[in-house]
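Inspection log for the structure reproduced underneath, given as structure tokens.
Because the structure is a prediction, the values reported are computed rather than measured.
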Amino acid sequence: MNRKLRMGMIGGGKDAFIGAIHRIAANMDGLIELKAGALSVNPEVAVDSGKMLFLQEDRIYTDFKTMLEKEAARPESERLDFVTIVTPNFAHFEPAMMALDKGFNVVIEKPITFTLDEAKQLKAKVEQTGLTLLLTHTYTGYPLVKQARRMVADGVFGKIRKVWVEYPQGWLSKLSEKEGNAQAAWRTDPKRSGKSGCMGDIGTHAANLAEYISGAKIEKLCADLNVLVPGRMLDDDGGVLLRFDNGAAGVLQASQVAAGEENALKIRVYGEKGGLEWAQHEPNTLLVKWLDKPTEIYRAGANYGGYQSSYAVHNTRTPGGHPEGYLEAFGNLYRNFALTLMAKLDGQQPAPEALDFPSVDDGVRGMAFIDNVVKSSQSEQKWTTFEV
């Protein structure tokens with residue numbers, strides 16, 4: 001291609017945390033430019049946000065339906081290539097379906113929809129249109145997460161037996177939703193967030209990472225969800241025992257009331273011969289542990305002797321010793337998505353490394369995880385077959 005991909009955005013106006021993150025990630029490699037936006041349900045904020053981002057006046061919209069209708073009618077030389085949706089959970093499905101109907105590829109925040117049924121409908125629409133959808137499970141974009149996945153897939157550790165994944169946060173240790181915190185207000189509201197709070201918000205990240213690195217699918221689970229802050233409407237803490245389709249056992253813990261914690265996502269995976277450990281607070285380090293020899297320390301960017309996989313190298317941006325983090329991982333998702341779209345627009349087959357990003361299938365499994373965890377937690381039987 002001899003041009004950048006043209007992007008539209010729904011939601012993510014001024015003062016919206018995740019919208020700004022998406023724009024930084026999209027801009028990181030010079031492959032994408034923001035051309036249009038319906039950036040807020042508040043018309044004044046939508047217009048102000050569009051002006052702050054220097055969008056053309058006729059491409060600043062106050063509602064997503066008008067944006068998608070008018071942008072779809074533009075000539076091919078101006079038409080958007082994809083639309084990014086960064087609204088709260090309850091407002092994902094309708095704009096995503098309409099965007100696909102209008103012929104736009106889609107980037108969407110997780111969880112993908114408000115219900116599992118909506119996620120299945122969205123998957124059917126993606127398959128019907130042949131378009132591409134990126135679900136921004138950010139943590140799969142880290143180079144050493146990709147290295148971990150390849151090592152497991154290559155059988156380095158033998159048969160995988162055990163997976164531990166945890167995601168403690170502390171930001172909801174108080175009833176912040178009643179104190180003017182807008183992020184807390186919608187994330188703890190079942191009408192806007194869905195049937196689960198903590199497990200829907202960060203438990204889905206942990207489950208996705210466990211499946212991504214282990215290469216196995218959750219087959220059964222036993223969940224216990226808690227509301228530990230009095231007056232809260234949705235779970236703010238929980239634990240889940242897991243059984244995977246390869247016979248491995250797992251433990252998943254997620255909490256948003258672990259006072260003092262930030263985003264302490266951590267995963268450990270063990271096989272017959274050894275295992276690995278990765279933590280988001282130290283994302284450039286992967287510990288590789290062995291049954292019969294000392295632990296090895298892998299470092300992002302330090303590919304001495306070519307020991308890192310092509311997937312890790314493809315997603316590494318700087319030499320060893322120059323830290324890469326959350327924004328770069330987010331940028332890797334956008335870059336791989338962009339490279340895939342560009343290849344398809346050129347009639348080419350995307351490289352395997354470019355195709356390695358979360359898709360609508362991950363979104364369906366994420367919504368199924370929420371449903372099954374809530375079902376298990378409410379059941380006296382507890383152990384629940386994972387149904388999609």
Side-chain angles (χ1 to χ4, degrees), residues 10-11 85-101 106-129 131-140 165 167 186-212 216-225 227 233-236 238-245 250 252 254 256 357-379 381-388:
I10 298 172
I85 300 167
V86 288
T87 53
N89 303 3
F90 75 96
H92 286 181
F93 177 69
E94 189 178 4
M97 289 290 280
M98 185 175 178
L100 292 165
D101 274 328
V106 170
V107 175
I108 193 166
E109 259 300 310
K110 51 63 52 196
I112 194 167
T113 52
F114 194 65
T115 67
L116 177 57
D117 182 64
E118 287 181 348
K120 290 178 178 179
Q121 290 182 57
L122 195 57
K123 178 180 177 180
K125 180 64 69 174
V126 169
E127 292 172 348
Q128 173 198 328
T129 59
L131 295 166
T132 302
L133 184 146
L134 161 65
L135 180 70
T136 52
H137 270 300
T138 316
Y139 308 110
T140 64
V165 62
Y167 199 156
W186 78 258
R187 290 177 191 275
T188 59
D189 180 359
K191 294 181 180 178
R192 291 183 284 174
S193 185
K195 63 176 64 176
S196 175
C198 175
M199 278 296 163
D201 189 14
I202 61 174
T204 49
H205 272 308
N208 175 262
L209 192 64
E211 291 195 339
Y212 182 77
K217 301 296 183 186
I218 298 169
E219 192 172 60
K220 292 183 179 180
L221 55 78
C222 176
D224 178 39
L225 301 185
V227 179
M233 292 186 287
L234 290 173
D235 57 281
D236 50 22
V240 190
L241 298 176
L242 306 170
R243 290 286 187 270
F244 292 86
D245 61 2
L252 185 155
Q256 293 176 310
F357 57 81
S359 70
V360 69
D361 292 324
D362 297 283
V364 171
R365 289 197 64 80
M367 294 310 302
F369 174 78
I370 294 170
D371 271 18
N372 284 286
V373 163
V374 172
K375 178 182 176 182
S376 172
S377 184
Q378 294 174 346
S379 168
Q381 182 179 346
K382 289 301 180 184
W383 276 104
T384 302
T385 299
F386 193 97
E387 297 178 352
V388 180

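- For Asp245, the side-chain hydrogen bond (donor to acceptor under 3.5 Å, both in side chains) criterion is met by no residue, not counting sequence neighbours.
- Taking the side chain to side chain contact (heavy atoms under 4.5 Å, CB included) definition, one finds that Asn372 meets it with Leu221, Ala368, Thr384, Phe386, Glu387, sequence neighbours left out.
- Between Phe93 and Glu118, the shortest heavy-atom distance links the atoms CE1-O, 3.3 Å.
- The shortest side-chain heavy-atom distance between Ile10 and Thr87 falls under the 4.5 Å cut-off.
- To the nearest 0.5 Å, the span separating CZ on Phe369 from CD1 on Ile218 amounts to 5.5 Å.
- Residues meeting the salt bridge (Lys or Arg N to Asp or Glu O under 4.0 Å) test with Arg243, sequence neighbours left out: none.
- Salt-bridge formation is detected for the pair Asp201/Lys110: a Lys NZ or Arg NE/NH1/NH2 atom is positioned less than 4.0 Å from an Asp or Glu carboxylate oxygen.
- Annotation: side chain of Val364 is in contact with side chain of Lys123 (closest heavy-atom distance under 4.5 Å).
- Shown here are the ring pair (Phe, Tyr, Trp, His ring centres under 6.0 Å) partners of His137, two or more places apart in sequence or in another chain: His205.
- Remark: Ile202 engages Tyr167, Gln169, Cys198, Ala254, Gln256 in a side chain to side chain contact (heavy atoms under 4.5 Å, CB included) (not counting sequence neighbours).
- Not counting sequence neighbours, the partners of Phe90 by the side chain to side chain contact (heavy atoms under 4.5 Å, CB included) test are Pro88, Phe114, Arg192.
- Screening residues 91-100 for salt bridge (charged side-chain N to carboxylate O under 4.0 Å, His left out) gives Lys65-Glu94 as the qualifying pairs, with residues at least two apart or on separate chains.
- With rounding to the nearest 0.5 Å, the separation of NZ in Lys195 from CG in Asn89 is 13.5 Å.
- Going from atom CG of Leu122 over to atom CD1 of Ile108 covers 6.0 Å, rounded to the nearest 0.5 Å.
- The salt bridge (Lys or Arg N to Asp or Glu O under 4.0 Å) search around Lys120 returns none, not counting sequence neighbours.
- Looking only at side-chain heavy atoms (C-beta outward), Leu134 and Val106 stay at 4.5 Å or farther from each other.
- Residues satisfying the side-chain hydrogen bond (donor to acceptor under 3.5 Å, both in side chains) test with Thr136, not counting sequence neighbours, are Glu109.
- The 12-atom threshold is exceeded at CD of Gln128, counting heavy atoms of other residues, nucleotides or ligands nearer than 6.0 Å.
- For Thr204 (side chain) and Pro111 (main-chain N/O), no donor-acceptor pair under 3.5 Å exists by modelled atom type.
- Checked by atom type and distance alone, the side chain of Ser377 never pairs as donor or acceptor with a backbone atom of Val373 at under 3.5 Å.
- Applying the side chain to side chain contact (heavy atoms under 4.5 Å, CB included) test to Asp224 and every residue at least two apart in sequence or in another chain returns Asn226.
- Looking at Thr129, its side chain does come within 3.5 Å of a backbone N or O of Val126 through a donor-acceptor pair.
- Contact detail for Gly203 and Leu252: the closest heavy-atom pair is O-CD1, 3.9 Å.
- The distance from the CE atom of Met97 to the OG1 atom of Thr113 is 10.5 Å, given to the nearest 0.5 Å.
- Atom CG of Leu241 sits about 5.0 Å away from atom CH2 of Trp383, to the nearest 0.5 Å.
- In this structure, CE in Met367 is found 9.5 Å from OG in Ser196, a value given to the nearest 0.5 Å.
- The one candidate from Val240, Ile370, Leu234 that meets the side chain to side chain contact (heavy atoms under 4.5 Å, CB included) condition with Met199 is Val240.
- Of the listed residues (Thr140, Thr132, Leu135, Asp362), just one forms a side chain to side chain contact (heavy atoms under 4.5 Å, CB included) with Phe357, and that residue is Thr132.
- Annotation: side-chain hydrogen bond (donor to acceptor under 3.5 Å, both in side chains) contacts of Asp101 (sequence neighbours excluded): Lys125.
- By the side-chain hydrogen bond (donor to acceptor under 3.5 Å, both in side chains) test, Thr138 pairs with no residue at all, sequence neighbours left out.
- Using a 4.5 Å heavy-atom cutoff, the side chains of Val374 and Leu225 are in contact.
- The shortest distance between side-chain heavy atoms of Ile85 and Val107 does not fall below 4.5 Å.
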